[in-house]
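Note sheet for the following structure.
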Amino acid sequence: MQSNRAQQCAADHWQKDLAALIDTIRLPSFGGLLENFLASQCHFDTLLMVTFKKSLKPLILHPTNPAEQSLTLHNYINGAYILDPLFNAIQNGNLGEGVSRLIDIAPDSFETTRYYQSCYKEFDLIDEINMVIELDSKVSCAISLGRKTSRGTITRAELTRLNDIYPVVKSIIRQFWLSQSQEFVKYEKSEGPMNQAISTFGSGVLTPREQQIAGLILQGHSSKAIANMLEISLGTVKVHRKNIHTRLNTSTQADIFTLFLAHLKELDPTASS
């Protein structure tokens, strides 16, 4: 209760944090000040700010200090991002600007995926809140706030505050990008093989339909959801899943994920293993 009162007090006096943030739009310290400002509005344990652009790997805007970048973050940037519900929702045009929770955009069986187990559960994240901002017609920025089990899921009051300040954050991020984008885009790398990873997984072993279903399985869609998406019967999906396991010599979704990572490694030796 005391912690909530303290945060409410901070939320009611956020003008100084906002002013400091505006003052650093052109400075390297912008990311840290953004984190401080958002912390006055919402509790979180982790913050990641990236840009998503078609045919390019995600670009980290914060944290930029290697000491603050975990192995999981490196694995994400090196390839795991193509299984990220947020990345796919933005790339497929299913998620526009605004504030959303991962639970609202993730596939129905996302928590059963190996990606979830390694990127979320292993680090005890129970909730993720995303602020998505379109920087231009081709580039989107996502600010992801992660909350651990001990903190619990986001409260209605916190979510309301994030929605209230979203227009201000959106304007500030756009100004930041206009002034500092050249400091980041010089590090952009083409997706190269990444863009082909899902579509070519199982090539020569799986049929085109099985490849399509394997990709949806990796992204965390259940058999029922896949049936609805592809407009086929649930029984047909189950037959395809059985055939996929037989052809790949796998028995679990985790086995398929392991094979996918090996496929990714073959396409791009710089990708994480």
Side-chain angles (χ1 to χ4, degrees), residues 3-4 7 31-32 34-52 57-91 94-95 98-133 140-163 165-166 169 217-222 225 252-254 257-258 260-261 272-273:
S3 176
N4 290 337
Q7 190 190 26
L34 173 65
E35 191 164 341
N36 291 343
F37 173 61
L38 292 177
S40 73
Q41 307 296 309
C42 170
H43 288 302
F44 54 86
D45 297 291
T46 64
L47 182 147
L48 175 65
M49 180 164 64
V50 299
T51 60
F52 294 123
K57 292 183 178 182
L59 194 62
I60 301 175
L61 304 184
H62 181 76
T64 55
N65 183 348
E68 299 178 52
Q69 297 177 357
S70 65
L71 177 60
T72 298
L73 178 56
H74 286 292
N75 290 342
Y76 176 84
I77 295 299
N78 284 333
Y81 68 87
I82 61 178
L83 301 178
D84 178 10
L86 176 63
F87 169 78
N88 282 290
I90 293 175
Q91 292 291 88
N94 298 327
L95 181 67
V99 181
S100 63
R101 295 172 63 199
L102 181 69
I103 192 173
D104 296 326
I105 61 175
D108 58 342
S109 291
F110 176 60
E111 293 186 2
T112 68
T113 64
R114 187 71 181 87
Y115 173 82
Y116 172 83
Q117 298 292 325
S118 59
C119 291
Y120 291 88
K121 187 173 182 180
E122 183 176 330
F123 289 88
D124 196 32
L125 292 182
I126 193 175
D127 204 355
E128 178 183 299
I129 305 91
N130 297 295
M131 305 179 80
V132 176
I133 298 137
S140 294
C141 174
I143 304 169
S144 298
L145 309 177
R147 291 168 65 109
K148 294 189 175 182
T149 302
S150 60
R151 199 175 292 282
T153 58
I154 190 170
T155 66
R156 182 177 300 178
E158 289 175 308
L159 198 56
T160 296
R161 286 196 292 270
L162 289 181
N163 277 292
I165 66 169
Y166 173 80
V169 173
I217 291 171
L218 284 166
Q219 291 173 34
H221 296 283
S222 68
T252 66
Q253 185 172 312
F257 184 79
T258 300
F260 173 74
L261 290 182
S272 61
S273 56

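- In this structure, the side chains of Arg147 and Leu125 stay at 4.5 Å or more apart for every pair of heavy atoms.
- The aromatic rings of Phe87 and Phe52 stand perpendicular to each other, their planes meeting at an angle above 60°, with 30° marking the opposite boundary.
- A distance of 12.5 Å separates OG in Ser109 from CD in Gln219, rounded to the nearest 0.5 Å.
- Rounded to the nearest 0.5 Å, atoms OG (Ser40) and CD1 (Ile165) are 6.5 Å apart.
- A donor-acceptor contact shorter than 3.5 Å is absent between the side chain of Asp127 and the backbone of Gly146.
- For the atom pair Leu86 CG and Gln91 CD, the distance stands at 10.0 Å (nearest 0.5 Å).
- Asn130 places no side-chain N or O within 3.5 Å of a backbone atom of Val132 that could act as its donor or acceptor partner.
- When side chains are defined from C-beta on, Pro107 does not count as touching Tyr116, because their heavy atoms never get closer than 4.5 Å.
- Without hydrogens or angle criteria, Thr64 side chain to Ile60 main chain gives no donor-acceptor distance under 3.5 Å.
- Two residues are said to be in side-chain contact when any heavy atoms from C-beta on lie closer than 4.5 Å; Ile143 and Leu34 meet this criterion.
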What verdict does the side-chain contact (heavy atoms from CB on, under 4.5 Å) test give for Met131 and Val169, after you've listed the backbone C-alpha separation in whole Å, the side-chain angles of each residue and the deciding distance to 0.1 Å? CA-CA 9 Å; Met131 305 179 80; Val169 173; 4.2 Å; yes
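- Between Leu83 and Thr113 the shortest side-chain heavy-atom distance does not fall below 4.5 Å.
- Judged as a side-chain hydrogen bond (donor to acceptor under 3.5 Å, both in side chains), and not counting sequence neighbours, the contacts of Ser222 are Asp108.
- The backbone N or O of Leu159 sits nowhere less than 3.5 Å from a side-chain atom of Gln41 that would complete a donor-acceptor pair.
- Rounding to the nearest 0.5 Å gives a distance of 9.0 Å between OG of Ser144 and CD1 of Ile129.
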Before giving the answer on side-chain contact (heavy atoms from CB on, under 4.5 Å), spell out for Leu145 and Leu162 the whole-Å C-alpha distance, their side-chain angles and the decisive distance to 0.1 Å. CA-CA 11 Å; Leu145 309 177; Leu162 289 181; 4.1 Å; yes
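- Here the side chains of Leu38 and Phe44 are in contact, with some heavy-atom distance below 4.5 Å.
- A heavy-atom distance below 4.5 Å is not found between the side chains of Asn94 and Ile105.
- In this structure a side-chain-to-backbone donor-acceptor pair under 3.5 Å is missing from Arg114 to Gln253.
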Going through the checks in order, is the side-chain contact (heavy atoms from CB on, under 4.5 Å) test met by Val50 and Tyr81? CA-CA 11 Å; Val50 299; Tyr81 68 87; over 6 Å; no
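- A distance of 14.0 Å separates CZ in Phe257 from CD1 in Ile217, rounded to the nearest 0.5 Å.
- In this structure, Glu158 does not pair ionically with Arg151, as no charged nitrogen and carboxylate oxygen lie closer than 4.0 Å.
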Starting from the C-alpha separation in whole Å, work towards a yes-or-no answer on side-chain contact (heavy atoms from CB on, under 4.5 Å) for Ile133 and Tyr166. CA-CA 9 Å; Ile133 298 137; Tyr166 173 80; 3.9 Å; yes
